[in-house]
2 protein chains.
Amino acid sequence: MIDKLFSNFDNYLPLDAAEREDLAGRVIERKIKRRQFILQENDVCRHYTFVAEGCFKKFQVDDKGTEHNLQFAAEGDWLMEIGSFYFEKPSRVYIEAIEPAVIFQISRQNLYHLYDNNPKFDRNFRVIVENRLVETENRVLQAISSTAEERYLAFIKQYPHLLSRLPNTQIASYLGITPEFLSKVRKDLLKK
Amino acid sequence: MIDKLFSNFDNYLPLDAAEREDLAGRVIERKIKRRQFILQENDVCRHYTFVAEGCFKKFQVDDKGTEHNLQFAAEGDWLMEIGSFYFEKPSRVYIEAIEPAVIFQISRQNLYHLYDNNPKFDRNFRVIVENRLVETENRVLQAISSTAEERYLAFIKQYPHLLSRLPNTQIASYLGITPEFLSKVRKDLLKK
DNA sequence: CCCTCCCCTTAATCTACCTTAAGCGTATTT
DNA sequence: AAATACGCTTAAGGTAGATTAAGGGGAGGG
């Protein structure tokens, strides 16, 4: 299972045998049940999480109790609350498993160890964060400039593998609309 | 003027004399006029930009020709199109000066040189990107969960120094609403 | 295997926000 | 100093999307 973690780095700067060993000694493998939380509001986010199997949602809850999905993460994705992780501040988000999952987690201490001892890790984790930033800026743009229908079509295009695995209520929350309205959007699209 | 660049790093890991010298030799100082572009759509973003004086907007233009502001950057802020910069892809955004400005720019090559030769730069630029990510995720959350009035109030709170310097049309574009509706929001707030 | 809790959908009413159009004041340019 | 462009506002009418309420189907957990 840890091979999935290793091969994730092949997308960036691949790891050699020694680096894989170093990494393997610094991550913890965990099995997570459906609906289990790996981060709750007000807790400090103490790990970078790599998803080897399963699917998570990262979301915030407003004063009315409504959830707002900020990110989905499935196999091969990284997941963290970056502000909480680096500054050890209480998290404002929850991270919850949507499916049974297997993850690898690395602590801040161990991550810094990797950064300090090998520039390749440094570069790799930089690119991981940069990719998240690109994705997130795209979302801001879509949110301020596109209709719900356009955003739904963009979601389908960008995350086809998630479409069949997520209930529409979760997708609606991600798109920033109500499940009822997503239902209407989907119906209107079928007519076309 | 370059002292503003140096002292920006005091927010993270401060630079010593040798590091300042190294950095100074690798940045270019430029004076930018009002309405001048430092990045246009389809050009590759070749620099990280530090704003020492003045103010910029980073925006995207949709098919109807409408501008959508993704970021404002004033004194002490960093500015780049990260996807274009690292992957040398054509930019989808414009960066334009709203006021006459003085900036320092560093090329990818020189930035990598700093990364490779001193972990402190590495760490500093990582934090700069991480902070952008935190800010951008906040914006996504606001966009999908708050009303225009709430977003306007949050903007005032987060960027009070920008409020008096930006025309309301630009703020409206940042908030994802029309100038006419922002005008109404402001009127309604005054009544309260 | 049953029960309960999700999840999806439809439809009516309501509201936040957009569009268009027009008028006015103040910078910027010539 | 005139000309022009730009920014702010108001208001009427229109649309995207929220809210509320209700019913039916399917899956997970006991």
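Order of the sequence lines fixes the chain letters, A, B, ..., with proteins taken first and strands second; residue numbering starts at 1 for each chain.
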Query raised in the report: Taking only side-chain nitrogens and oxygens of B/Arg186, does any of them come within less than 4.0 Å of OP1 or OP2 of D/dC8?
Result: no
Query raised in the report: For B/His47, which residues count as a side-chain hydrogen bond (donor to acceptor under 3.5 Å, both in side chains) partner, sequence neighbours excluded?
Result: none
Query raised in the report: Would a 4.5 Å heavy-atom cut-off, applied to side chains only, mark A/Trp78 and A/Phe125 as touching?
Result: yes
Report task. Starting at atom CG of B/Leu166, determine the distance to atom P of D/dC6, rounded to an integer number of angstrom. Result -> 17 Å
Query - Atom NZ of A/Lys184: over 12 foreign heavy atoms under 6.0 Å - result: no
Requested in this report: Scan for ring pair (Phe, Tyr, Trp, His ring centres under 6.0 Å) pairs involving residues 171-190 of chain A, sequence neighbours excluded, and state none if there are none.
Outcome: A/Phe72-A/Tyr174, A/Phe155-A/Tyr174
Report summary line: Sorted by chain and number, sequence neighbours left out, side-chain hydrogen bond (donor to acceptor under 3.5 Å, both in side chains) with A/Gln170 holds for A/Lys57, A/Asn69
Query raised in the report: Whole-Å distance between D/dC6 C1' and B/Asn168 CG?
Result: 13 Å
Query raised in the report: Does A/Arg151 reach the side chain of A/Ser146, with side-chain heavy atoms less than 4.5 Å apart?
Result: yes
**Report entry** Contact letters for nucleotides 25-30 of chain D, in which S counts primed atoms plus P, OP1 and OP2 and B counts the base, heavy atoms under 4.0 Å
**Finding:** ------
Enumerate the protein-to-nucleotides 11-20 of chain C contacts in which both atoms are nitrogen or oxygen and the separation is below 3.5 Å.
residue: C/dC17; atom: OP1; partner: B/Ala148; partner atom: N; Å: 2.9
residue: C/dC18; atom: OP2; partner: B/Thr178; partner atom: N; Å: 3.3
residue: C/dC18; atom: OP2; partner: B/Thr178; partner atom: OG1; Å: 3.3

Query raised in the report: Through what angle, rounded to 10 degrees, does the axis of the helix from C/dT4-D/dA27 to C/dT30-D/dA1 turn between its ends, using five pairs per end?
Result: 60°
